[in-house]
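To keep things clear, I will list the structure first and then write my remarks on it.
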2 protein chains.
Amino acid sequence: MYPLFKKLSTALASKNIRPSFQRIKVLEYLIENPCHPTVEQIFTDLQSIIPTLSKTTVYNTLNIFHKAGLVRVLNIEDNETRYDIITETHGHFKCEECGTISNFNIDIDSIETDGLSGFKVNDRNIYFKGVCPKCLLNIKHIDRKEHIS
Amino acid sequence: MYPLFKKLSTALASKNIRPSFQRIKVLEYLIENPCHPTVEQIFTDLQSIIPTLSKTTVYNTLNIFHKAGLVRVLNIEDNETRYDIITETHGHFKCEECGTISNFNIDIDSIETDGLSGFKVNDRNIYFKGVCPKCLLNIKHIDRKEHIS
DNA sequence: GTTTGGATTTGTAATGATTACTAATATTAA
DNA sequence: TTAATATTAGTAATCATTACAAATCCAAAC
């Protein structure tokens, strides 16, 4: 039994989630791939390890993890829900050109808000959209070429 | 011709959107209903004014408005995209009990971020989740009742 | 070790939001 | 008025997600 496996198993148990093989593998995947994967990505990649895996199981597992506060659900864009292991609070940036989602640091708790007195806040999400440096470079190149021709 | 109609018409024209009757009515609806409606709500309510209205038209119109920067798309929860007329930047709070989405003031531009140098930011979104004061009251009542019984 | 009951997983069918597509309609310019 | 173009309507298709039921697994009791 690998030490990581054991560690993840107890982590799940401490949240009252029975540590089945599938659940541990999904958790492991999320930790090793903090790139905000979709259900499709998780399912496809884990199929090589668990050939009998069902997509329903991935959905079920992620919903359980979400309820237990283990993962954050990202709904930046429609029709692609993404999942993120909850570590420290950070913001998400989605590049509108290449679609990549990257993290940035932000002290969410320090944000001053007006109009939330009496509200119980459980979850704070921040996401920005725009163009990442890589794509900005490409766009500039294209612009220059178009200018020359 | 009502003055508002004329005003909305020129507003659309200034964004290079041809001011059809349907588009003006959708815009008018969004302005009069800043309650983050879903496509379903917009469609149902406008049907009484435009009986021949198609849901596809509502989708098309909202997508056009979005591209023109007239509306903000809210994807707080999966499977319910909501639309919000863009006025000033504000945060959104979704009550996990009753589902209501309310606004709160926030100076998004003043937020300090680390890790976004070189990024071109076009859109900033903040949403919190939790329980609104109304539902907090109800939950407390239920708790008390359960405690007594 | 076997049995039993409950939890988990699987796979298929259903749901529901969104998009694709095409014919009909409306609008603009000539 | 006519022709060209944009918009709308309506249906069919797509795709992510959920519902459901049967199969499987697992842990505790015997």
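In what follows, every chain begins at residue 1, and chains take the letters A, B, ... in the order their sequences are listed.
- Protein atom CD1 of A/I17 is 11 Å distant from nucleotide atom P of C/dT9, rounded to whole Å.
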Exercise for the section: Report, as a single string ordered 5' to 3', how protein heavy atoms within less than 4.0 Å touch nucleotides 10-19 of chain C: B base, S sugar-phosphate only, - not at all. Expected result: BBB----SBB
Handout entry: side-chain contact (heavy atoms from CB on, under 4.5 Å) between B/C95 and A/F119, intermediate numbers included
Key = CA-CA 9 Å; B/C95 176; A/F119 287 71; over 6 Å; no
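- Distance CD1 (B/I49) to P (D/dT8): 15 Å, rounded to an integer number of Å.
- Atom-to-atom, CG of B/N16 to P of D/dT7 comes out at 11 Å; the value is rounded to the nearest Å.
- The aromatic ring centres of B/F128 and B/F104 sit less than 6.0 Å apart.
- Distances shown here put every side-chain N or O of B/R18 at or beyond 4.0 Å from the OP1 or OP2 atom of D/dT5.
- In the model, A/E77 has no side-chain atom that pairs as donor or acceptor with a side-chain atom of B/N75 under 3.5 Å.
- Regarding B/E77, its CD atom lies at a distance of 10 Å from the P atom of D/dT18, rounded to whole Å.
- Contact check, A/S20 against C/dT9: a side-chain N or O comes under 4.0 Å of OP1 or OP2.
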Practice task
Kindly determine whether A/C98 and A/C132 satisfy side-chain contact (heavy atoms from CB on, under 4.5 Å), including the steps that lead there.
Solution key: CA-CA 8 Å; A/C98 64; A/C132 71; 3.9 Å; yes
Practice task
Check the pair A/Y127, A/F93 against ring pair (Phe, Tyr, Trp, His ring centres under 6.0 Å), reporting the backbone distance first and the verdict last.
Solution key: CA-CA 6 Å; A/Y127 65 87; A/F93 180 93; over 10 Å; no
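- Per the geometry, CG belonging to A/L62 stands 13 Å off C1' belonging to D/dA16, to the nearest Å.
- If you take CZ of A/R23 and P of D/dC25, they are 15 Å apart, rounded to a whole angstrom.
- Between A/F43 atom CZ and D/dC15 atom P there is a gap of 16 Å when expressed in whole angstrom units.
- The distance between atom CD1 of B/I64 and atom C1' of D/dT7, rounded to the nearest whole Å, is 9 Å.
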Practice task
Take B/N125 and B/H92 through the test side-chain hydrogen bond (donor to acceptor under 3.5 Å, both in side chains) and record every step on the way to the result.
Solution key: CA-CA 8 Å; B/N125 294 277; B/H92 293 105; 5.9 Å; no
